[in-house]
Amino acid sequence: MITRFAPSLTGYLHLGHVLHMLYVWGMAQKLGAKVLCRIEDHDLSRARPEYESAIFETMDWLGFVPDLGIRAADEKPSEFRQSDCPEYYESVLQSLEKRGLVYGCECSRKQIAASQPKGTEELCYSGTCSEKGLPLEGNTVRFRTLEGETIFHDLKLGEQRQAPRNQCGDFSLRDRNGQWTYQFACVCDDIRHSVDLVIRGEDILFSTARQIQLFQTLEAPVPQYYHHPLIHDATGKKLSKRQRSVSITSMREAGLAASEVIGQSLLQAGFSDIA
Ligand code: GLU
């Protein structure tokens, strides 16, 4: 069994990641899985090399050692770093294009947002461009989502039902600037890295059915899923790199020991009986 730790290169790791690593390495031990590490830097506009070095330093310092995949920022090129593999994603996209399962879309985010009912959490694309025959190059590339509900069993949360067509509609695999999206790059990688156990935060739960549709369309086995709880800040927001939550790098610089950082992540996650 293979699971993975797949941080995005959009900032420094924070306490939420420490909790995540405890779940990944902990569940791997419980289920006899190996942990693979890959760097999700498909968003080239936000990825920065210093984030990658900081991720490996933090993992080393906390003692999270992957069994497989990339282990250091100087491993270049690597099949476990998304920005090193555009040809692979391109080849998967071509296979979908040959089957007529993707199309080019010229709608802007603003146009799509304007057609949404007030208060919608996620933009749902209505398929305006689905029959226009626009080229993929220079346009957003969208996947023709399947009708109906996808039902899956989450190892932590039990039975889940999601209908991607109503949640997000035909979601994008590549943006108009040629950048691969998280949904697409993540599934392509889980397939080629033979990941069969996906452990990740509940904040990504909503993405799972659309990813399952991609696995099924690409005739790849669907992994098992385990979505774990998150750490929230005092205002109830989940910790995030974008919100500039305190980084582990700065906690370390402030003199905290690795064990104290791990303890804090558990306390903030609500494991209060360890206090
Ligand atoms: N790269 C994603 C993140 O850092 C994780 C993706 C996943 O586990 O599917 O949030």
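Numbering of ligands and ligand atoms starts at 1, following listing order.
Classified by interplanar angle (parallel below 30°, tilted 30° to 60°, perpendicular above 60°), the ring pair Y51/Y12 is perpendicular. Relative ring orientation between H14 and H17 is described as tilted, the plane-to-plane angle lying within the 30° to 60° band.
Across H20, R38, R4, H17, heavy-atom proximity to atom 7 (C) of ligand 1 is greatest for R4.
In summary, D170 and R165 engage in a salt bridge, as defined by a charged side-chain N under 4.0 Å from a carboxylate O.
Here's the thing with I204: none of its N/O atoms is less than 3.5 angstrom from an N/O atom of ligand 1.
Close approach of ligand 1 to C186 is summarised as follows: ligand atoms under 4.0 Å from at least one heavy atom of the residue are 9 (O).
By the 4.5 Å heavy-atom criterion applied to side chains, L218 and L96 are counted as neighbours.
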